[in-house]
Amino acid sequence: GIDKILKFNSFLGGEDLQTFRFLHYRNNKINDSQKDTTYDIKITLEQEDKSIDNGKDYDFYVQQTQIKVSNDDNNVSKNDPKSKNKDNDNSESIPVAIDITYTPSNIGNVRNLLIITSSQNNSTYQCALHGFCDPPKPKGPYEISLSKPSLQIPFQNPYRDNCEFIFN
């Protein structure tokens, strides 16, 4: 099932960054050949089991498609109780964080699903991503003077496709 729901809010032309956090469980009985655990990260459409490209062609974006978590004791501070939690089954939990950026391409709502899996420890984490986009907000005013007749105005195309914009 879904572990968490992250709600993003932005206006068209803006973005919202949030972090999904989960606990990686490290077993103390692990052998030396498995010092790192690799998690695969993908974003799918929430209502279909269809994976989408992690490229910037979609409203939700993660920087990496994989993350490695070290099972080595040196990765975790022994004096910090927040960074390492002992469980009854001789395993320790290590906090892991993944940043998700929402850059809306249309006004309205969009829903996707973040899925994080590892075949090494047979675990899956799911996070529903709900994006809400408002109309664009005006920027400026920009002052144009005769002493500086040229002015650069920062502009980003918020749409998925290339568009030509003409200003008068």
Side-chain angles (χ1 to χ4, degrees), residues 1-27 34 36-71 75-76 80 82-85 87 89 91-142 153-167:
I2 293 177
D3 298 300
K4 188 173 183 179
I5 297 173
L6 288 179
K7 294 184 179 183
F8 296 79
N9 292 300
S10 185
F11 56 90
L12 192 61
E15 68 179 30
D16 187 7
L17 174 76
Q18 293 198 35
T19 303
F20 175 70
R21 291 176 172 80
F22 67 95
L23 293 175
H24 163 73
Y25 290 96
R26 176 185 166 269
N27 192 332
Q34 291 184 332
D36 293 338
T37 300
T38 301
Y39 287 93
D40 294 318
I41 303 167
K42 69 178 180 176
I43 296 175
T44 64
L45 301 174
E46 189 177 59
Q47 296 173 352
E48 304 172 21
D49 191 24
K50 180 181 169 189
S51 180
I52 59 178
D53 184 5
N54 255 358
K56 285 228 174 203
D57 294 333
Y58 294 92
D59 291 356
F60 293 102
Y61 175 74
V62 290
Q63 288 285 337
Q64 67 273 30
T65 57
Q66 283 190 336
I67 189 168
K68 287 190 181 193
V69 179
S70 176
N71 290 314
N75 188 41
V76 180
D80 185 4
K82 290 182 183 176
S83 67
K84 186 157 95 171
N85 304 315
D87 292 330
D89 62 351
S91 64
E92 296 170 349
S93 60
I94 301 170
V96 181
I98 297 173
D99 290 335
I100 303 121
T101 303
Y102 171 59
T103 308
S105 61
N106 286 307
I107 297 171
N109 302 335
V110 64
R111 292 178 180 227
N112 290 135
L113 186 64
L114 174 71
I115 301 174
I116 303 158
T117 57
S118 175
S119 59
Q120 292 170 295
N121 64 3
N122 204 23
S123 61
T124 299
Y125 300 91
Q126 293 185 356
C127 177
L129 307 174
H130 295 182
F132 305 96
C133 178
D134 291 324
K137 292 185 178 178
K139 295 181 181 178
Y142 294 99
I153 299 173
F155 178 79
Q156 174 184 336
N157 178 10
Y159 304 110
R160 291 183 186 159
D161 298 324
N162 289 335
C163 297
E164 185 174 326
F165 297 90
I166 299 172
F167 300 96

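In this structure, the separation between OG1 on Thr103 and CZ on Phe8 is 10.0 Å, given to the nearest 0.5 Å. The NZ atom of Lys4 lies 12.0 Å from the NZ atom of Lys7; values are rounded to the nearest 0.5 Å. In this structure, CG on Leu129 lies 5.0 Å from CZ on Phe60, to the nearest 0.5 angstrom. Here Ile100 contributes atom CD1 and Leu114 contributes atom CG; the two are 5.0 Å apart, rounded to the nearest 0.5 Å. In this structure, OG1 on Thr117 lies 6.5 Å from NZ on Lys42, to the nearest 0.5 angstrom. Within the model, atoms CG of Leu45 and CZ of Arg111 stand 13.5 Å from one another, a figure rounded to the nearest 0.5 Å.
The side-chain heavy atoms of Ile5 and Cys127, taken from C-beta on, include no pair separated by under 4.5 Å. Ile2 is listed as a side-chain neighbour of Gln126, based on a closest heavy-atom distance under 4.5 Å. At a threshold of 4.5 Å between non-hydrogen side-chain atoms, the residues Asp134 and Leu12 do not count as touching. Side-chain contact between Asn121 and His24 is present, with heavy atoms from C-beta onward closer than 4.5 Å. With contacts defined as side-chain heavy-atom distances shorter than 4.5 Å, the pair Phe20/Leu6 qualifies.
Partners of Asp99 by side-chain contact (heavy atoms from CB on, under 4.5 Å), not counting sequence neighbours, listed by chain and number: Leu17, Thr19.
Glu15 places no side-chain N or O within 3.5 Å of a backbone atom of Ser10 that could act as its donor or acceptor partner. A donor-acceptor pair is defined here as one N or O able to donate and one able to accept, closer than 3.5 Å; such a pair exists between the side chain of Ser118 and the backbone of Thr38. A side-chain donor-acceptor contact under 3.5 Å links Asp59 to the backbone of Ser105. Using a distance-only test at 3.5 Å, with no hydrogens or angles considered, no donor-acceptor pair links the side chain of Asp16 to the main chain of Tyr102.
Closest approach of Ile107 to Pro136, counting heavy atoms only: CD1-CD, 4.2 Å. Heavy atoms only, all atoms of each residue included: Gly14 and Pro104 are closest at O-CD, 3.4 Å. Closest heavy-atom contact between Ser93 and Tyr25: CB-CE2, 3.5 Å.
Heavy atoms from other residues, nucleotides or ligands lying under 6.0 Å from CG of Asn109 number more than 12.
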Next on the checklist: Run the side-chain contact (heavy atoms from CB on, under 4.5 Å) test on Leu113 and Ile43 for me, step by step, so that the C-alpha distance in whole Å, both residues' side-chain angles and the decisive distance to 0.1 Å come before the verdict.
Outcome noted: CA-CA 6 Å; Leu113 186 64; Ile43 296 175; over 6 Å; no
Item to check | Full working for side-chain contact (heavy atoms from CB on, under 4.5 Å) between Tyr125 and Val96 | outcome: CA-CA 11 Å; Tyr125 300 91; Val96 181; over 6 Å; no
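Of the residues Asp3, Ile115, Asp40, the one that meets the side-chain contact (heavy atoms from CB on, under 4.5 Å) test with Thr124 is Ile115.
Checked against a 6.0 Å centroid threshold, the rings of Tyr39 and Phe22 count as neighbours.
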